[in-house]
Amino acid sequence: MGKAINKKRVYTFGNGKAEGKADMKNLLGGKGANLAEMNLIGVPVPAGFTITTDVCTEYNTIGKDQVVELMKAEVEAAIATTETAMNAKFGATGEEGFPLLLSVRSGARASMPGMMNTVLNLGMNDDTVKIIAEKSGNEKFAYDSYRRFIQMYGDVVMGVEAEEGEHCPFEQVLDKVKEAKGYASDNEMSVEDLKSVVEDFKAVVKEAAGEDFPTNPWDQLWGSVCAVFDSWNTERAILYRRMENIPSEWGTAVNVQAMVYGNMGETSATGVCFSRDAATGEDQFNGEYLINAQGEDVVSGVRTPLEITLVGSRRWAERNGTSEEDRAAKFPSLEEAMPALYKELDEIQQKLEDHYSDMQDMEFTIQDGKLWMLQTRNGKRTGAAMVKMAIDMLEQGMINKKTAILRQEPNKLDELLHPVFDKNALASAKVLSKGLPASPGAATGKIVFTAEDAEVEAAKGEKVILVRRETSPEDLKGMYAAVGILTERGGMTSHAAVVARGMGKCCISSAAGLTVSGSAMTIDGVSFQKGDFISLDGSTGVVYEGKVDTITPSLDGDFGKLMDLADKYTKMSVRTNADSPADSKTARDFGAQGIGLCRTEHMFFEGDRIWAIREMILAEDLEGRKTALDKLLPIQREDFYGILKAMDTFGVTIRLLDPPLHEFTPNDDATQKEMAEKLNVDQAIVKEKVDALHEFNPMLGHRGCRLGNTYPEITEMQARAIIEAACQLKSEGFDPKPEIMVPLIGTVQEFKMQEQIIRTVADQVFAEKGIKVDYLVGTMIEIPRAALTADLIAEAAEFFSFGTNDLTQMTFGYSRDDAGKFLPIYIEKGILKHDPFQVLDQEGVGQLVMKGTKKGRKTRPELKVGICGEHGGEPSSVEFCHTVGMNYVSCSPFRVPIARLAAAQAAIKAKAAKKAKK
Ligand code: ADP
Ligand code: MG
Ligand code: MG
């Protein structure tokens with residue numbers, strides 16, 4: 001950390017000027033940098049200033065008092081600038097003019113929705129409220145602002161919270177007033193009501209916090225600024241950072257800005273809007289607003305907001321079953337209610353989207369007929385919207401091809417590959433309710449009512465749907481655990497909607513007729529309990545009773561265009577890990593160019609096949625084993641035939657038998673008895689054999705090429721099955737490309753022995769059939785010794801495939817099957833940043849991969865190198881594989897598109913980095 005005492009800590013903006021700009025996000029946070037930028041391009045933004053993210057880091061190292069001292073003079077000067085710009089006075093007591101009230105908001109580099117706390121109307125006290133009432137001529141507005149301030153400051157800064165199982169104490173006060181007077185919403189409260197609420201709120205604070213509510217505006221300001229810094233280290237902020245991989249060193253900036261008031265009456269309003277549809281990607285301006293309200297009201301779901309555009313409003317009415325007459329009279333769009341302001345807003349949203357060349361998520365407030373922008377950022381979007389927007393913007397000439405690719409989050413494609421409801425099943429499903437289609441996708445699961453239950457049930461492997469009145473940041477963990485979210489209240493921009501879209505989770509909000517209370521819910525009077533099944537269609541907003549079948553979606557249109565584009569830049573090809581003709585077909589449809597790993601043993605578990613392998617295991621001698629293997633030969637040949645055919649013209653890497661034999665034998669008494677009967681031997685013999693196969697460390701035991709080298713007849717049979725299948729295909733006019741892979745090599749001798757068996761068998765088959773096919777013999781590099789002696793191994797092996805699952809296991813010395821006991825704790829404690837079985841450990845395991853590749857290619861420059869561990873479909877690992885210079889990555893079928901995109905991104909980034917170096 002720079003210790004420069006004199007560095008600049010505060011950056012002002014306002015009146016078309018700014019000390020910061022858009023590309024200073026690291027220092028000013030996303031919100032602050034964009035507030036500055038909007039000023040610079042002539043968008044109306046209330047004046048204010050940003051305290052840098054560096055100050056947050058200072059705050060966390062040298063402490064509060066020193067930091068306040070260091071920035072005090074700069075903050076005071078910035079307040080003075082703001083006062084001039086807004087023609088108002090902070091802490092005014094009468095003659096000095098209109099009191100300046102402030103908003104204090106956090107703003108990290110990456111947006112963290114709902115994580116950091118905002119305080120509005122700061123500067124209010126018993127004196128300012130009177131001055132504001134008098135000068136604005138709007139007493140109701142003044143007291144409404146005051147009560148909002150006490151509640152926010154009390155909650156965020158003074159820590160006034162709901163007691164376990166109770167409603168927030170401020171809300172209790174409001175509910176009491178509304179109930180007594182029969183009001184439906186906060187807006188109906190009179191000046192007298194608001195005055196009494198203010199007094200009650202102060203009492204709530206005193207009671208809960210044990211001190212009086214601070215009356216000095218400067219105390220309020222410093223309290224809020226420090227609270228923003230403190231909120232960087234709250235449990236939920238830390239959780240979000242961990243989920244989204246945001247480093248804790250980044251820190252948050254603090255934005256202090258003059259308030260503008262959306263709660264000044266019927267000519268005022270506040271809203272949230274998007275330059276395109278964040279759920280579908282449609283190029284249609286949209287959003288929600290509320291007349292006479294402040295920002296938080298729109299997102300919190302206390303009042304149901306209205307649509308901004310007429311198009312959106314009509315669509316809403318149709319979904320809702322509201323007549324056009326009713327809609328226009330009671331639920332008008334902003335476009336109808338305030339046409340001139342709507343036009344201005346529409347122009348600004350277009351200007352901002354053009355300026356940033358990306359979809360914008362904006363907040364605005366209309367104060368007594370004047371429009372102010374309060375925030376803009378590149379909007380979060382669903383996977384489908386991400387793809388559609390990129391292709392649309394490319395075709396509209398807004399972005400270039402590389403940008404279109406780089407703007408994809410590869411993991412988000414997952415959402416597009418996931419199931420949707422089967423149309424036939426939907427037709428017969430019973431509709432329970434209809435709500436807002438807040439985040440698309442299909443989900444079927446058991447109802448839970450709390451975030452804790454969601455976590456507990458999900459940990460047991462249950463699919464759960466979290467049902468809440470509305471969600472808050474406390475529900476985050478539960479939302480992660482659930483497959484879908486259903487809420488009674490809230491609009492398209494509610495917390496639940498925004499967060500669910502970010503997570504790519506299906507969500508329906510404001511479901512009609514739904515009432516959620518504690519541990520039960522009713523829909524139109526019918527009650528549902530925890531554990532009951534429901535299904536959600538987040539794309540239509542329909543809630544169904546029970547389970548509804550799902551199917552895999554089709555992948556053409558924009559998705560196809562994007563994939564074609566990606567393939568133009570990719571250097572590595574993407575293969576798949578597939579063990580059956582069906583999986584191979586799926587993967588090829590997803591664009592896989594070959595198979596990087598076909599695990600032959602997986603074929604043994606299907607149907608009756610297990611009995612042949614068990615017979616082989618039980619056999620007393622070579623003769624017996626051969627008889628059993630003869631039964632397996634046609635079965636394997638048929639599988640290989642199907643797989644090689646599905647991947648015609650592409651390489652198919654088939655791994656010889658790998659697991660220890662005990663994995664094929666039964667441990668329980670009943671199945672051992674069955675085995676004895678079926679194979680016609682004494683049960684004692686079966687038991688004896690099973691016991692003999694027992695190993696203390698099976699993962700380091702009699703497996704991999706150690707099997708083929710001790711029982712060569714197994715390798716003979718498998719090699720024959722592969723080559724015969726290939727010859728058959730060739731005779732039918734296909735072009736099969738088998739690559740036979742020897743697993744678990746540690747020394748080159750182990751490999752050579754296997755290679756010899758394979759080549760001998762191949763020659764025999766060719767002679768028998770009178771046909772020849774090209775094939776390769778190579779090996780998996782998964783034992784550290786193999787990586788270290790790769791130069792020797794490459795003398796014989798024609799290709800390498802890094803088996804990074806085993807390589808990680810052996811390099812770390814973590815048993816994959818037992819790591820569950822400590823890995824989560826290691827990650828929580830920060831000993832490890834990621835689970836090394838998911839994200840390739842580039843620092844350690846990566847060295848072996850790099851060394852192995854280099855050494856191998858030194859001996860054999862043309863050596864084909866790939867990866868077939870789980871890492872082959874993980875974007876950061878794919879990028880690493882590109883750097884290493886691999887020919888391909890291989891991953892599970894459903895991750896193929898993700899890997900294709902990640903591979904294209906890696907190639908584009910590497911090229912750009914090379915250019916920058918020059
Ligand atoms: P988030 O990051 O969760 O969006 P924000 O910091 O943007 O939170 O603020 C929350 C709400 O406060 C916003 O909806 C915004 O409209 C409102 N707000 C923020 N600053 C001001 C301001 N200067 N005047 C009026 N309202 C404001
Ligand atoms: Mg905001
Ligand atoms: Mg292995």
Side-chain angles (χ1 to χ4, degrees), residues 13-14 28-35 38-39 44-50 82 85-86 88 90 100-124 141 144-145 148-149 151-153 155-156 221 224-225 227-228 231-232 236-237 240 252-264 268-274 287-290 292-303 305 345 360-368 370-380 471-473 476 491 493-499 502:
F13 55 82
L28 302 179
K31 204 175 281 169
N34 286 336
L35 285 170
M38 281 198 286
N39 264 288
V45 174
F49 55 90
T50 303
T82 309
M86 300 304 286
F90 189 51
L100 174 67
L101 298 191
L102 300 171
S103 95
V104 178
R105 328 146 78 180
S106 66
R109 281 194 216 181
S111 97
M112 295 170 64
M115 302 310 296
M116 296 293 184
N117 309 302
T118 300
V119 176
L120 299 180
N121 309 316
L122 186 141
M124 274 287 193
F141 148 68
D144 183 55
S145 304
R148 287 169 186 271
F149 172 55
Q151 177 166 356
M152 279 190 242
Y153 192 93
D155 168 17
V156 172
L221 178 58
S224 302
V225 168
V228 171
S231 71
W232 183 250
R236 66 187 201 220
Y240 188 84
T252 179
V254 185
N255 297 296
V256 180
Q257 188 184 33
M259 280 300 295
V260 287
Y261 309 98
N263 57 336
M264 265 193 168
S268 300
T270 188
V272 178
C273 55
F274 301 87
E288 294 173 328
Y289 80 106
L290 276 173
N292 196 12
Q294 277 196 343
E296 293 290 289
D297 299 355
V298 178
V299 287
S300 70
V302 279
R303 271 160 69 192
L345 180 65
Q360 296 300 295
D361 166 354
M362 296 152 286
E363 293 172 7
F364 66 92
T365 282
I366 293 168
Q367 174 180 323
D368 198 17
K370 170 149 178 53
L371 173 65
W372 297 92
M373 299 307 289
L374 298 175
Q375 183 178 341
T376 193
R377 62 177 171 217
N378 295 339
K380 287 192 187 290
T471 68
S472 75
L476 216 58
T493 50
S494 66
H495 176 267
V498 171
V499 174

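Note that the numbering runs from 1 along the sequence shown for the chain. The basis for the numbers below is simple: all heavy atoms, side chains too, and nothing from hydrogens, waters or symmetry mates. Indexing begins at 1, ligand by ligand and atom by atom, following the structure's order.
The N/O atoms of L120, backbone and side chain alike, include none that comes under 3.5 Å of an N/O atom in ligand 1. Checking only distances, S103 does come within under 3.5 Å of ligand 1, N or O to N or O. The distance criterion of under 3.5 Å between nitrogen or oxygen atoms is not met by T270 with respect to ligand 1. Considering backbone and side-chain N/O of R377, none are found under 3.5 Å from N/O of ligand 1.
The two residues A237 and W232 make their nearest non-hydrogen contact at CB-O, 3.7 Å. Nearest heavy atoms, A258 versus L100: CB-CD1, 3.7 Å.
The distance from ligand 1 to the heavy atoms of M259 drops below 4.0 Å at these ligand atoms: 22 (C), 23 (N), 24 (N), 25 (C), 26 (N). Within ligand 1, the atoms closer than 4.0 Å to a non-hydrogen atom of E363 are 4 (O), 7 (O), 13 (C), 14 (O), 15 (C), 16 (O), numbered from 1 in the order shown. Proximity to A258 (heavy-atom distance under 4.0 Å) selects the following atoms of ligand 1: 22 (C), 23 (N).
With hydrogens and angles left out, the side-chain atoms of N263 and S145 include a donor and acceptor closer than 3.5 Å. In summary, the side chains of N255 and T50 do present a donor paired with an acceptor at a separation below 3.5 Å, with no hydrogens or angles considered.
Not a single heavy atom of Q294 sits closer than 4.0 Å to an atom of ligand 1.
Qualifying ring-ring contact (aromatic ring centres under 6.0 Å, His included) partners for Y289, counting only residues two or more places apart in sequence or in other chains: none. Remark: D144 engages R147, R148 in a salt bridge (Lys or Arg N to Asp or Glu O under 4.0 Å) (not counting sequence neighbours).
N34 pairs with exactly one of L28, T376, N378 by the side chain to side chain contact (heavy atoms under 4.5 Å, CB included) rule, that one being T376.
Nearest residue to atom 24 (N) of ligand 1 from N121, V260, V104, V45 is V260 (criterion: closest heavy atom). Here atom 6 (O) of ligand 1 lies nearest to K31 when heavy atoms of Q375, Q257, K31, Q367 are compared.
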